[in-house]
Amino acid sequence: MLLPRDLLLLLPWRRATAAGEAIARRLNHHRAPPFSDPDDDPPFTRLAERPPRAPSKKKKKEEEDQGGRIRPPEPASSDLPFDFQYSYSETDPAWRPIGFREPTRFSPFGPGRLDRPWDGVAAAAARGDGAGAAATSREEVLGEPLAEEEVAQLVERYRHSDCSRQINLGKGGVTHNMIDDIHNHWKRAEAVRIKCLGVPTLDMDNICFHLECTIVQDKTGGKVIYRNINILILYRGRNYDPKQRPQIPLMLWKPLAPIYPRLVQNVADGLTFEKTKELRNTGLNSSPLMKLTRNGVYVNVVDRVREAFKTVEVVRLDCSHVGSSDCKKIGVKLRDLVPCVPLLFKDEQIILWRGKLSGIWSCLKELPVLHEMKTLLYLSAEH
């Protein structure tokens, strides 16, 4: 049944609704800001402009003390007895750069943030007689040696891949900021798991040396209690106190690598140009000894190359997709570890020559026997 409009207005519920709408219109009218424009409907609520706050008395006093100028913070001072470098395990002090890719005045620690000058390779420390005291301090931090049961418990806790206390060590090796990361983990855990990948895995002994740093306490002062292929567990010590940890200024960016002398010469030492070219062609046409992957584990490469040099003169390593920079780093490490002579880096292929001392490879297995015979002859001569 339909009612006319006048009868609808006479109904009580209709009158209450009309009165409510009128009240709502009046409330909205009073809530509207005085500067609102009826034609302007912004998607946000405007806020009235507030006058600026007056500066506090403390801030005024600081400005008066500073003479109205903002002074830069004082440079950090570190008494650690070692030179700050980007990488400790992948650089050799014997390597002298012949140039730099950026001005040496640009320190990676930031302008005016460290009291040590940056020479393009390292921030040298003040020379002193602190090595003996640092070594003693390291022994005090380590405390008594761990028992076999304690070592087994720590290894079982930190050796698994799902361990939260893990640091990934890449092609940069033991870097400067990594030392601070280790101490941050040691603040809440007794040990830290270190997973090594890339070029540094060619020489795991070098990594362990720089992590433990047996000469001085400086870098970490810990001890490697577990080593399996490329996995290390670094123990902090019984008497480690996080409040007494060394303060290590952090590098703000990675410095550009210096320019070093050329690794591969046009003519190898002791050979003619024709002989060098012949060895290079022989290596390129030979089958690769092994194929290396990017950021892989290269712990057995040195032994494989040494074994191959006992039968062949030239070895080729296939480093496809590894990168030209990593190929050269691999060649430098193999030159010192095998030892050998890099002949060519081409199309991510490494050609290595065993050198003129070819007889040394046939005597490698006889060295322990010769040493034992020499000891027996020395003892018999005494008697």
Side-chain angles (χ1 to χ4, degrees), residues 75-76 78 80-127 169-179 198-200 202-203 206-207 209-210 219 248-271 273 276-277 280 292 294-295 298 317 319 321-353 355:
S78 178
L80 296 176
F82 64 97
D83 298 344
F84 293 162
Q85 306 176 16
Y86 171 73
S87 176
Y88 297 102
S89 62
E90 303 307 303
T91 55
D92 190 351
W95 302 343
R96 297 299 179 184
I98 59 176
F100 300 96
R101 293 183 171 89
E102 61 182 358
T104 57
R105 65 177 182 273
F106 295 145
S107 173
F109 297 95
R113 296 183 70 252
L114 188 64
D115 61 349
R116 300 185 181 186
W118 178 258
D119 60 0
V121 178
R127 301 304 175 189
L169 188 147
K171 62 182 180 180
V174 181
T175 59
H176 180 78
N177 290 354
M178 181 182 173
I179 303 173
V199 181
L202 285 168
D203 191 3
N206 184 41
I207 296 177
F209 168 77
H210 285 282
K219 295 186 176 65
I248 302 172
L250 299 180
M251 284 190 177
L252 303 185
W253 64 82
K254 177 182 177 180
L256 297 180
I259 302 174
Y260 291 99
R262 189 173 180 178
L263 178 61
V264 178
Q265 304 297 329
N266 292 331
V267 180
D269 294 338
L271 297 178
F273 178 78
T276 303
K277 186 176 180 180
R280 288 171 180 167
L292 306 182
R294 186 178 182 84
N295 291 332
Y298 312 143
L317 300 178
C319 302
H321 311 292
V322 171
S324 59
S325 177
D326 287 359
C327 284
K328 294 179 181 178
K329 293 179 181 178
I330 292 172
V332 171
K333 280 189 170 290
L334 292 178
R335 179 193 63 182
D336 301 332
L337 295 174
V338 173
C340 59
V341 180
L343 288 180
L344 184 64
F345 296 93
K346 182 180 180 181
D347 299 332
E348 296 184 342
Q349 306 292 316
I350 302 177
I351 308 300
L352 302 174
W353 175 47

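Numbering starts at 1 and runs along the sequence shown. Keep in mind that the numbers below use all heavy atoms, side chains included, and drop hydrogens, waters and symmetry copies.
- L352 has its side chain within reach of L334: a pair of non-hydrogen atoms, C-beta onward, lies under 4.5 Å apart.
- Looking at N206, its side chain never comes within 3.5 Å of a backbone N or O of P200 through a donor-acceptor pair.
- Atom CD1 of I179 is separated from atom CG of L250 by 10.5 Å, given to the nearest 0.5 angstrom.
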Test side chain to side chain contact (heavy atoms under 4.5 Å, CB included) applied to Y260 and I98, step by step
CA-CA 6 Å; Y260 291 99; I98 59 176; 5.9 Å; no

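- Here the CG-OH distance, from D203 to Y298, works out to 15.0 Å after rounding to the nearest 0.5 Å.
- A donor-acceptor contact shorter than 3.5 Å links the side chain of S87 to the backbone of G172.
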Can you check side chain to side chain contact (heavy atoms under 4.5 Å, CB included) on D269 and V341, steps first, answer last?
CA-CA 9 Å; D269 294 338; V341 180; over 6 Å; no

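- Closest heavy-atom contact between V264 and L343: CG1-O, 3.0 Å.
- The nearest pair of heavy atoms linking A268 to W353 is CB-CZ3, 4.3 Å.
- In terms of the ring-ring contact (aromatic ring centres under 6.0 Å, His included) criterion, residue partners of F84 (sequence neighbours excluded) are, by chain and number, F82, F109, H176.
- Interatomic distance, R101 CZ to I259 CD1, rounded to the nearest 0.5 Å: 5.0 Å.
- Minimum heavy-atom separation, I330 to V322: CD1-CG1, 4.4 Å.
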Side chain to side chain contact (heavy atoms under 4.5 Å, CB included) between F100 and L256, intermediate numbers included
CA-CA 8 Å; F100 300 96; L256 297 180; over 6 Å; no

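- The main-chain N or O of C340 is never found under 3.5 Å from a side-chain atom of R335 such that the two would form a donor-acceptor pair.
- Pairing each heavy atom of L292 with each of C319, the nearest pair is CD1-SG, 3.8 Å.
- Once rounded to the nearest 0.5 Å, the distance linking CE of M251 with CZ of R113 reads 11.5 Å.
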Residues L169, I207; criterion side chain to side chain contact (heavy atoms under 4.5 Å, CB included); working and verdict
CA-CA 10 Å; L169 188 147; I207 296 177; 4.0 Å; yes

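- A donor-acceptor contact shorter than 3.5 Å is absent between the side chain of D347 and the backbone of Q349.
- With D115 contributing its side chain and P75 its backbone, the two residues share no donor-acceptor pair below 3.5 Å.
- Taking 4.5 Å as the limit, some side-chain heavy atom of P108 sits within range of a side-chain heavy atom of W118.
- Screening residues 324-334 for salt bridge (Lys or Arg N to Asp or Glu O under 4.0 Å) gives E90-K333 as the qualifying pairs, with residues at least two apart or on separate chains.
- Nearest heavy-atom pair, P258 versus P97, reported as atom, atom and distance to 0.1 Å: CB-CB, 3.6 Å.
- S107 contributes atom OG, which lies 11.0 Å from atom CZ of R116 (distance to the nearest 0.5 angstrom).
- Heavy atoms only, all atoms of each residue included: R294 and H321 are closest at CB-O, 3.4 Å.
- We find the CZ-CG distance between R280 and L344 to be 6.0 Å, quoted to the nearest 0.5 Å.
- Remark: E102 engages no residue in a side-chain hydrogen bond (donor to acceptor under 3.5 Å, both in side chains) (not counting sequence neighbours).
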